[in-house]
Amino acid sequence: MNTPSTKETRSHYLDNLKVALTVLVIAHHAMIPFVDGAGWPFSPSNPDESLPYMWHFLNTNAAFFMGLFFMISGYFVPKSFDRQGFGKFIFKKTLRLFVPFAVISAVISVATGTPESGHTWFLGTLFLFCLVYSIIRLVCKKSYDNPKPLSLIFVIVFAVIMSAGSLILRKIYNQDDWIYLWVYKFEPVHYLQYIMMFAFGVMAGRGEWFNKMSGTTGCTSLVIGLLLCIGNYLRGDNAWSGFIYQWFGAYESLLCVFLCTGLIWLFRKAGNWSGRFWKWCAEQSFGAYIFHLFVLLIVENILDPIWLGTAGKYLSVLILATAGSFVISWLLRLIPGVKKVL
């Protein structure tokens with residue numbers, strides 16, 4: 001979710017991809033009450049407002065979208081550290097990641113009466129990853145560029161390694177099992193994915209892999225990733241679903257690595273647009289992610305007594321919450337000094 005601090009290093013396609021991912025996160029969380037609502041602080045008062053089949057949407061999203069956030073974030077880390085050095089790098093990450101993590105965690109913890117970081121676990125985890133990276137750089141002193149382009153073989157090997165690790169983790173933990181260390185929490189079955197996708201991003205940033213990715217690597221990855229998404233949507237009460245369930249650690253790892261790599265290539269080729277509106281969206285996307293939970297709950301409660309049809313209710317919540325989150329981010333960023341955090 002971090003953005004490069006200079007216009008010279010800004011990649012419009014990555015900004016646009018982050019905007020799309022932010023909207024997808026809001027769409028994901030907006031869908032939860034209409035599926036089963038487990039762990040979500042709102043449930044529709046009308047039991048007919050249900051979209052049970054859309055568990056496929058939630059399950060597919062969870063397989064890749066936060067991994068892609070970590071991948072993009074990691075991409076900018078090496079050059080940021082090169083430019084800023086250890087002290088300034090940590091100071092900026094503290095402002096950008098740890099401060100909103102701490103503030104939002106405090107608000108949610110007071111509201112719920114229990115230590116909880118909610119969706120800002122991502123900020124705490126990303127801060128931790130950046131801290132570990134900076135310590136490694138401080139100890140190793142030197143950092144080397146990787147001139148070799150990203151190859152399809154690397155993507156395959158990387159996905160296979162992640163698959164093996166994920167299969168082991170899922171023998172021990174279930175999905176949606178969270179481990180709490182006071183307000184900081186993490187989900188073990190996905191933690192390996194987040195570490196590896198952040199590392200992928202770091203390597204990509206050091207070697208300019210995203211900008212130099214070949215059409216063969218990017219297009220092939222995208223096709224494989226989309227086919228795996230379709231396969232996940234075809235799950236039901238059938239043998240195919242049982243097969244995926246048994247090997248889901250490997251399945252979602254393959255989906256994550258190939259789809260994330262393919263989406264980077266797709267947006268570089270077809271999503272590298274710019275303009276005042278898209279620049280505005282990119283500037284607000286980080287704040288929109290931070291505040292969308294609160295906006296969603298407000299919109300959900302306001303619209304709850306109004307009958308719009310199930311699909312109409314979901315789309316109304318999604319549109320209003322998305323617009324509201326981006327606008328609130330924009331308004332807060334007008335306050336002097338807030339842009340250093342948001």
To the nearest 0.5 Å, tell me how far [X] [atom1] sits from [Y] [atom2].
{"X": "Leu131", "Y": "Thr94", "atom1": "CG", "atom2": "OG1", "answer": "8.0 Å"}
{"X": "Leu68", "Y": "Ile72", "atom1": "CG", "atom2": "CD1", "answer": "4.0 Å"}
{"X": "Leu21", "Y": "Leu263", "atom1": "CG", "atom2": "CG", "answer": "7.5 Å"}
{"X": "Leu228", "Y": "Cys256", "atom1": "CG", "atom2": "SG", "answer": "11.0 Å"}
{"X": "Met213", "Y": "Leu266", "atom1": "CE", "atom2": "CG", "answer": "10.5 Å"}

If the plane angle is over 60° it's perpendicular, under 30° parallel, otherwise tilted; pick one for [X] and [Y].
{"X": "Phe210", "Y": "Tyr75", "answer": "parallel"}
{"X": "Phe267", "Y": "Trp273", "answer": "tilted"}
{"X": "Phe294", "Y": "Phe291", "answer": "tilted"}
{"X": "Tyr133", "Y": "Phe81", "answer": "perpendicular"}

I'd like to check the side chain to side chain contact (heavy atoms under 4.5 Å, CB included) partners of [X]; sequence neighbours left out, ordered by chain and number.
{"X": "Trp55", "answer": "Val35, Asn59, Arg235"}
{"X": "Ile156", "answer": "Leu152, Val160, Phe258"}
{"X": "Ser325", "answer": "Ile26, Ala288, His292, Val295"}

(request) Mark yes when over 12 heavy atoms from residues, nucleotides or ligands other than Trp247 sit less than 6.0 Å from its CH2; otherwise mark no. (result) no

(request) Decide if atom CZ of Phe86 counts as having more than 12 heavy atoms of other residues, nucleotides or ligands within a radius under 6.0 Å. (result) yes

Can you list everything that forms a ring-ring contact (aromatic ring centres under 6.0 Å, His included) with [X]? Sequence neighbours excluded, please.
{"X": "Phe186", "result": "Tyr191"}
{"X": "Phe65", "result": "His28"}
{"X": "Phe277", "result": "none"}

Do the side chain of [X] and the main chain of [Y] share a donor and acceptor less than 3.5 angstrom apart?
{"X": "Glu283", "Y": "Arg333", "value": "no"}
{"X": "Asn211", "Y": "Glu208", "value": "no"}
{"X": "Ser241", "Y": "Asp237", "value": "no"}
{"X": "Trp121", "Y": "Phe101", "value": "no"}
{"X": "Ser11", "Y": "Leu14", "value": "no"}
{"X": "Ser166", "Y": "Ser163", "value": "no"}
{"X": "Thr60", "Y": "Cys229", "value": "no"}
{"X": "Asn272", "Y": "Arg268", "value": "no"}

For residues [X] and [Y], report the shortest heavy-atom separation together with the two atoms involved.
{"X": "Ser253", "Y": "Gly249", "answer": "OG-O, 2.7 Å"}
{"X": "Ser329", "Y": "Gln284", "answer": "OG-O, 3.1 Å"}
{"X": "Glu300", "Y": "Pro33", "answer": "OE2-CG, 3.6 Å"}
{"X": "Tyr289", "Y": "Thr22", "answer": "N-CG2, 4.0 Å"}
{"X": "Leu318", "Y": "Ala27", "answer": "CD1-CA, 3.5 Å"}
{"X": "Cys130", "Y": "Leu97", "answer": "SG-CD1, 4.4 Å"}

(request) Write out all pairs satisfying side chain to side chain donor-acceptor pair (under 3.5 Å) with one or both partners inside residues 218-231, taking only residues at least two apart or from two chains. (result)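 Listed once each, the pairs would be none.
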
(message) Once side chain to side chain donor-acceptor pair (under 3.5 Å) is applied, what residue pairs with a partner in residues 303-314 remain, sequence neighbours excluded?
(response) Ser45-Asp304, Glu49-Lys313

(request) Verify ring pair (Phe, Tyr, Trp, His ring centres under 6.0 Å) between Tyr13 and Trp278, making sure each step is shown before the conclusion. (result) CA-CA 10 Å; Tyr13 70 92; Trp278 297 109; over 10 Å; no

Single-linkage hydrophobic cluster, 4.5 Å side-chain cutoff, [X] and [Y] together:
{"X": "Leu303", "Y": "Ile319", "answer": "no"}
{"X": "Trp178", "Y": "Leu169", "answer": "yes"}
{"X": "Ile168", "Y": "Tyr245", "answer": "no"}

(request) Could you tell me which residues satisfy side-chain hydrogen bond (donor to acceptor under 3.5 Å, both in side chains) with Tyr173, sequence neighbours excluded, listed by chain and number? (result)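 With sequence neighbours excluded, Tyr173 shows a side-chain hydrogen bond (donor to acceptor under 3.5 Å, both in side chains) to no residue whatsoever.
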
(message) Just to verify, what does Thr217 make a side-chain hydrogen bond (donor to acceptor under 3.5 Å, both in side chains) with, not counting sequence neighbours?
(response)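 Result, side-chain hydrogen bond (donor to acceptor under 3.5 Å, both in side chains) vs Thr217: Ser214.
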
(message) Taking the basic N atoms (NZ, or NE/NH1/NH2) and the acidic carboxylate oxygens, is any pair closer than 4.0 Å for Arg137 and Asp82?
(response) yes

(request) May I ask you to say whether Glu116 pairs ionically with Lys185, meaning some side-chain N is under 4.0 Å from a carboxylate O? (result) yes

(request) Classify the side-chain pair Thr125/Tyr184 by whether it contains a donor and acceptor separated by less than 3.5 Å. (result) yes

(request) Indicate whether any N or O donor in one side chain lies under 3.5 Å from an N or O acceptor in the other, for His190 and Glu187. (result)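 Present: a donor and an acceptor within the cut-off.
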
(request) Sort out for me which residue in Phe200, Phe122, Phe70 forms a ring pair (Phe, Tyr, Trp, His ring centres under 6.0 Å) with Tyr194. (result) Phe70

(message) Can you list, by chain and residue number, the hydrophobic cluster partners of Val223 when the side-chain cut-off is 4.5 Å?
(response)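 For the cluster that includes Val223, the remaining residues are Leu227.
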
(message) Side-chain heavy atoms under 4.5 Å apart, restricted to Ile/Leu/Val/Met/Phe/Trp/Tyr: what other residues fall into the cluster of Val110, or is it alone?
(response)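 Val110 shares its hydrophobic cluster with no other residue.
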
(request) Step by step, work out the ring pair (Phe, Tyr, Trp, His ring centres under 6.0 Å) result for Tyr53 and His56. (result) CA-CA 6 Å; Tyr53 181 80; His56 297 82; 4.1 Å; yes

(request) May I ask you to check if Arg96 and Phe286 form a cation-pi contact, with NZ or CZ under 6.0 angstrom from the six-membered ring centre and within 45° of the axis? (result) yes

(request) Evaluate the side-chain proximity of Thr114 to Tyr180: yes if any heavy-atom separation is below 4.5 Å, no if none is. (result)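 Counting from C-beta outward, Tyr180 and Thr114 never come under 4.5 Å.
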
